[in-house]
Amino acid sequence: MARARGYWLMKSEPGTYSIDDLARDGRTRWEGVRNYQARNYMRDQMKVGDLALFYHSSAEPSGVAGVAEIASAAYPDPTQFDGQSPYHDPKSKKDDPAWLLVDVTFVEKLPEVLALQRLKADASLSSMLVLRRGQRLSVMPVERAHFARVLRLGKARTRV
DNA sequence: GCCAACGTTGGC
DNA sequence: GCCAACGTTGGC
(Lines give C-alpha, C1' and ligand atoms only; values in the text may rest on other atoms or scores of the structure.)
Protein backbone atom coordinates (compact mmCIF):
# COMPACT_ATOMS: atom_id res chain seq x y z
CA MET A 1 0.00 0.00 0.00
CA ALA A 2 1.39 3.35 -1.01
CA ARG A 3 1.96 5.99 1.62
CA ALA A 4 -0.82 8.52 1.77
CA ARG A 5 -0.01 11.76 0.03
CA GLY A 6 0.91 14.64 2.30
CA TYR A 7 -0.50 18.15 2.16
CA TRP A 8 1.26 21.43 2.88
CA LEU A 9 1.02 25.17 2.79
CA MET A 10 4.03 27.16 1.62
CA LYS A 11 4.24 30.93 1.91
CA SER A 12 5.95 33.32 -0.44
CA GLU A 13 5.75 37.05 -0.85
CA PRO A 14 4.59 37.48 -4.44
CA GLY A 15 7.02 40.37 -4.91
CA THR A 16 9.77 37.83 -4.28
CA TYR A 17 8.28 34.77 -5.99
CA SER A 18 4.66 34.43 -7.03
CA ILE A 19 2.41 31.72 -8.44
CA ASP A 20 2.88 33.40 -11.83
CA ASP A 21 6.63 32.99 -11.47
CA LEU A 22 6.13 29.29 -10.77
CA ALA A 23 3.73 28.97 -13.71
CA ARG A 24 6.43 30.48 -15.92
CA ASP A 25 9.29 28.42 -14.51
CA GLY A 26 7.42 25.14 -14.14
CA ARG A 27 9.81 24.09 -11.42
CA THR A 28 11.83 25.95 -8.81
CA ARG A 29 13.98 25.56 -5.73
CA TRP A 30 12.00 26.65 -2.67
CA GLU A 31 14.93 28.57 -1.28
CA GLY A 32 15.29 30.80 1.74
CA VAL A 33 13.54 28.81 4.47
CA ARG A 34 15.36 29.89 7.64
CA ASN A 35 13.27 28.40 10.40
CA TYR A 36 14.16 25.08 12.01
CA GLN A 37 10.63 23.78 12.35
CA ALA A 38 9.88 24.51 8.70
CA ARG A 39 13.18 22.92 7.70
CA ASN A 40 12.38 19.82 9.73
CA TYR A 41 9.03 19.43 8.03
CA MET A 42 10.78 19.49 4.67
CA ARG A 43 13.52 17.13 5.81
CA ASP A 44 11.46 14.62 7.78
CA GLN A 45 7.95 14.61 6.41
CA MET A 46 7.73 15.97 2.89
CA LYS A 47 7.63 13.40 0.13
CA VAL A 48 7.80 13.67 -3.63
CA GLY A 49 4.24 13.86 -4.92
CA ASP A 50 2.87 15.73 -1.91
CA LEU A 51 0.74 18.76 -2.77
CA ALA A 52 1.13 22.28 -1.39
CA LEU A 53 -1.09 25.33 -1.27
CA PHE A 54 0.95 28.21 -2.68
CA TYR A 55 0.19 31.07 -0.31
CA HIS A 56 0.89 34.73 -1.07
CA SER A 57 1.87 36.57 2.11
CA SER A 58 2.21 40.34 2.60
CA ALA A 59 0.09 40.70 -0.51
CA GLU A 60 -3.13 42.40 -1.54
CA PRO A 61 -4.93 40.27 -0.82
CA SER A 62 -2.94 37.69 1.10
CA GLY A 63 -4.23 34.18 0.53
CA VAL A 64 -3.97 30.95 -1.42
CA ALA A 65 -2.91 31.63 -5.00
CA GLY A 66 -2.46 28.15 -6.39
CA VAL A 67 -1.21 24.60 -6.02
CA ALA A 68 2.29 23.17 -6.29
CA GLU A 69 3.71 19.66 -6.06
CA ILE A 70 6.76 18.59 -4.09
CA ALA A 71 9.24 17.39 -6.68
CA SER A 72 12.34 16.41 -4.71
CA ALA A 73 13.53 15.30 -1.33
CA ALA A 74 15.11 17.99 0.85
CA TYR A 75 18.70 18.92 0.00
CA PRO A 76 21.05 21.77 1.00
CA ASP A 77 19.91 25.26 0.04
CA PRO A 78 22.82 26.74 -1.94
CA THR A 79 21.84 30.32 -1.08
CA GLN A 80 23.06 29.84 2.51
CA PHE A 81 26.65 29.78 1.17
CA ASP A 82 26.18 32.66 -1.28
CA GLY A 83 27.54 35.90 0.12
CA GLN A 84 25.50 37.85 -2.43
CA SER A 85 22.22 36.25 -1.44
CA PRO A 86 19.78 37.77 1.05
CA TYR A 87 19.53 34.23 2.42
CA HIS A 88 23.26 33.98 3.11
CA ASP A 89 24.04 32.39 6.48
CA PRO A 90 27.71 32.86 7.44
CA LYS A 91 27.32 30.45 10.35
CA SER A 92 26.35 27.50 8.16
CA LYS A 93 29.14 25.05 7.31
CA LYS A 94 29.60 23.49 3.89
CA ASP A 95 30.12 20.05 5.41
CA ASP A 96 27.10 20.45 7.69
CA PRO A 97 24.53 22.66 5.96
CA ALA A 98 22.02 24.22 8.31
CA TRP A 99 19.34 24.90 5.71
CA LEU A 100 17.54 22.71 3.24
CA LEU A 101 15.09 23.20 0.41
CA VAL A 102 12.87 21.12 -1.81
CA ASP A 103 12.07 21.51 -5.49
CA VAL A 104 8.45 22.27 -6.32
CA THR A 105 6.59 22.13 -9.61
CA PHE A 106 3.62 24.12 -10.85
CA VAL A 107 0.25 22.40 -10.69
CA GLU A 108 -2.42 25.08 -10.93
CA LYS A 109 -3.13 28.76 -10.45
CA LEU A 110 -6.50 29.53 -8.88
CA PRO A 111 -8.87 31.73 -10.94
CA GLU A 112 -8.38 34.33 -8.20
CA VAL A 113 -6.53 34.45 -4.91
CA LEU A 114 -8.57 32.82 -2.16
CA ALA A 115 -8.18 35.55 0.42
CA LEU A 116 -7.21 34.91 4.02
CA GLN A 117 -10.42 36.68 4.99
CA ARG A 118 -12.45 34.01 3.15
CA LEU A 119 -10.51 31.21 4.81
CA LYS A 120 -11.25 32.74 8.19
CA ALA A 121 -14.92 33.06 7.32
CA ASP A 122 -15.28 29.34 6.60
CA ALA A 123 -16.31 27.40 9.69
CA SER A 124 -14.93 24.11 8.41
CA LEU A 125 -11.44 25.63 8.28
CA SER A 126 -11.48 27.05 11.80
CA SER A 127 -8.80 24.65 13.07
CA MET A 128 -6.51 25.14 10.09
CA LEU A 129 -2.98 25.87 11.22
CA VAL A 130 -2.41 28.87 9.00
CA LEU A 131 -5.36 30.61 10.63
CA ARG A 132 -3.96 30.19 14.11
CA ARG A 133 -3.01 33.38 15.84
CA GLY A 134 0.69 34.07 15.74
CA GLN A 135 1.34 31.29 13.25
CA ARG A 136 4.27 32.39 11.13
CA LEU A 137 5.80 29.22 9.74
CA SER A 138 6.54 29.53 6.04
CA VAL A 139 6.12 25.78 5.55
CA MET A 140 3.39 23.98 7.47
CA PRO A 141 1.26 20.86 7.20
CA VAL A 142 -2.39 20.98 6.14
CA GLU A 143 -4.97 18.34 6.92
CA ARG A 144 -6.37 16.52 3.91
CA ALA A 145 -9.93 17.67 4.63
CA HIS A 146 -8.80 21.27 4.94
CA PHE A 147 -6.79 20.99 1.76
CA ALA A 148 -9.78 19.63 -0.11
CA ARG A 149 -12.03 22.36 1.26
CA VAL A 150 -9.59 25.10 0.24
CA LEU A 151 -9.41 23.67 -3.27
CA ARG A 152 -13.19 23.66 -3.47
CA LEU A 153 -13.50 27.23 -2.17
CA GLY A 154 -10.83 28.32 -4.62
CA LYS A 155 -12.55 26.60 -7.56
CA ALA A 156 -9.46 24.53 -8.21
CA ARG A 157 -9.35 21.72 -10.77
CA THR A 158 -6.81 19.78 -8.72
CA ARG A 159 -8.24 16.90 -6.68
CA VAL A 160 -6.68 15.57 -3.50
C1' DG B 1 3.67 52.23 9.88
C1' DC B 2 2.02 49.66 13.90
C1' DC B 3 2.32 45.93 16.67
C1' DA B 4 1.41 41.03 18.38
C1' DA B 5 3.57 36.82 18.35
C1' DC B 6 7.31 34.17 18.49
C1' DG B 7 12.25 32.70 17.45
C1' DT B 8 17.09 33.66 18.41
C1' DT B 9 20.93 35.57 20.83
C1' DG B 10 23.92 36.42 24.45
C1' DG B 11 25.03 38.00 29.22
C1' DC B 12 25.12 36.10 33.48
C1' DG C 1 19.80 27.16 31.99
C1' DC C 2 17.30 31.57 32.56
C1' DC C 3 15.44 35.37 30.48
C1' DA C 4 15.66 40.17 28.63
C1' DA C 5 16.69 42.28 24.43
C1' DC C 6 16.38 42.12 19.86
C1' DG C 7 14.93 40.68 15.13
C1' DT C 8 11.48 38.84 11.99
C1' DT C 9 6.98 37.75 10.25
C1' DG C 10 2.96 39.19 8.46
C1' DG C 11 -1.83 40.89 9.10
C1' DC C 12 -4.02 45.06 9.45
Side-chain angles (χ1 to χ4, degrees), chain A residues 6-25 28-46 50-68 70 74-104 106-143 145-156:
Chain A
Y7 301 96
W8 303 95
L9 182 144
M10 300 172 84
K11 296 180 184 174
S12 181
E13 298 193 13
T16 302
Y17 198 84
S18 71
I19 190 70
D20 289 323
D21 293 323
L22 184 59
R24 176 199 64 212
D25 297 342
T28 195
R29 288 173 163 170
W30 199 266
E31 62 188 28
V33 172
R34 294 295 179 269
N35 171 282
Y36 289 107
Q37 199 178 342
R39 179 204 66 184
N40 293 348
Y41 280 135
M42 292 196 293
R43 183 188 64 194
D44 303 334
Q45 292 185 239
M46 267 189 182
D50 286 358
L51 293 178
L53 300 171
F54 192 120
Y55 183 92
H56 283 178
S57 63
S58 297
E60 192 49 56
S62 292
V64 175
V67 182
I70 308 308
Y75 63 97
D77 180 345
T79 64
Q80 69 196 301
F81 304 121
D82 177 359
Q84 306 306 310
S85 170
Y87 304 126
H88 181 230
D89 182 354
K91 299 194 299 299
S92 185
K93 308 253 177 17
K94 273 256 167 73
D95 57 0
D96 185 22
W99 305 114
L100 305 174
L101 55 68
V102 295
D103 291 353
V104 304
F106 177 75
V107 174
E108 176 177 10
K109 178 185 176 180
L110 298 185
E112 57 184 42
V113 171
L114 181 61
L116 177 61
Q117 196 175 358
R118 292 200 51 215
L119 300 179
K120 286 179 173 173
D122 192 87
S124 60
L125 297 177
S126 60
S127 64
M128 198 176 171
L129 208 53
V130 72
L131 303 181
R132 274 239 299 264
R133 189 173 159 81
Q135 178 56 64
R136 297 174 312 166
L137 280 180
S138 62
V139 174
M140 67 177 88
V142 176
E143 291 174 24
H146 289 156
F147 199 96
R149 177 64 176 160
V150 168
L151 292 185
R152 183 173 180 79
L153 286 173
K155 300 182 167 58

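Letters go in sequence order (proteins before strands), and every chain restarts at 1. The figures that follow rest on heavy atoms only: side chains count, while hydrogens, waters and symmetry mates do not.
- A:Tyr75 is linked by a side chain to side chain donor-acceptor pair (under 3.5 Å) to A:Arg29, A:Asp103, counting only residues two or more places apart in sequence or in another chain.
- Between the P atom of C:dT9 and the CG atom of A:Leu137 lies a distance of 12 Å, rounded to the nearest Å.
- With sequence neighbours excluded, no residue forms a side chain to side chain donor-acceptor pair (under 3.5 Å) with A:Lys11.
- What separates CD of A:Glu13 from C1' of C:dT9 is a distance of 8 Å, to the nearest Å.
- Remark: P of C:dG10 and OH of A:Tyr55 are 8 Å apart, rounded to the nearest angstrom.
- With sequence neighbours excluded, the residues satisfying side chain to side chain donor-acceptor pair (under 3.5 Å) with A:Thr79 are A:Arg34, A:Asp77.
- When ring centroids are compared, A:Tyr41 and A:Trp8 come within the 6.0 Å threshold.
- Residues passing the ring pair (Phe, Tyr, Trp, His ring centres under 6.0 Å) test with A:His56, sequence neighbours excluded: A:Phe54.
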Close N/O contacts between protein and nucleotides 2-8 of chain C (under 3.5 Å):
{"residue": "C:dT8", "atom": "O2", "partner": "A:Arg136", "partner atom": "NH1", "Å": "2.8"}

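- In this structure, A:His56 atom NE2 and C:dG11 atom P are separated by 12 Å, rounded to whole Å.
- Within the structure, every side-chain polar atom (N or O) of A:Lys120 is placed at least 4.0 Å from both OP1 and OP2 of C:dG11.
- Residue A:Lys11 has a polar side-chain atom (N or O) positioned under 4.0 Å from OP1 or OP2 of C:dG10.
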Give the table of side-chain donor-acceptor pairs shorter than 3.5 Å for residues 116-124 of chain A, with sequence neighbours excluded, one pair per line with atom names and distance.
{"residue": "A:Asp122", "atom": "OD1", "partner": "A:Arg149", "partner atom": "NE", "Å": "3.2"}
{"residue": "A:Asp122", "atom": "OD1", "partner": "A:Arg149", "partner atom": "NH2", "Å": "2.6"}
{"residue": "A:Asp122", "atom": "OD2", "partner": "A:Ser124", "partner atom": "N", "Å": "3.2"}
{"residue": "A:Asp122", "atom": "OD2", "partner": "A:Ser124", "partner atom": "OG", "Å": "2.3"}
{"residue": "A:Asp122", "atom": "OD2", "partner": "A:Arg149", "partner atom": "NE", "Å": "3.2"}
{"residue": "A:Ser124", "atom": "OG", "partner": "A:Arg149", "partner atom": "NE", "Å": "3.2"}

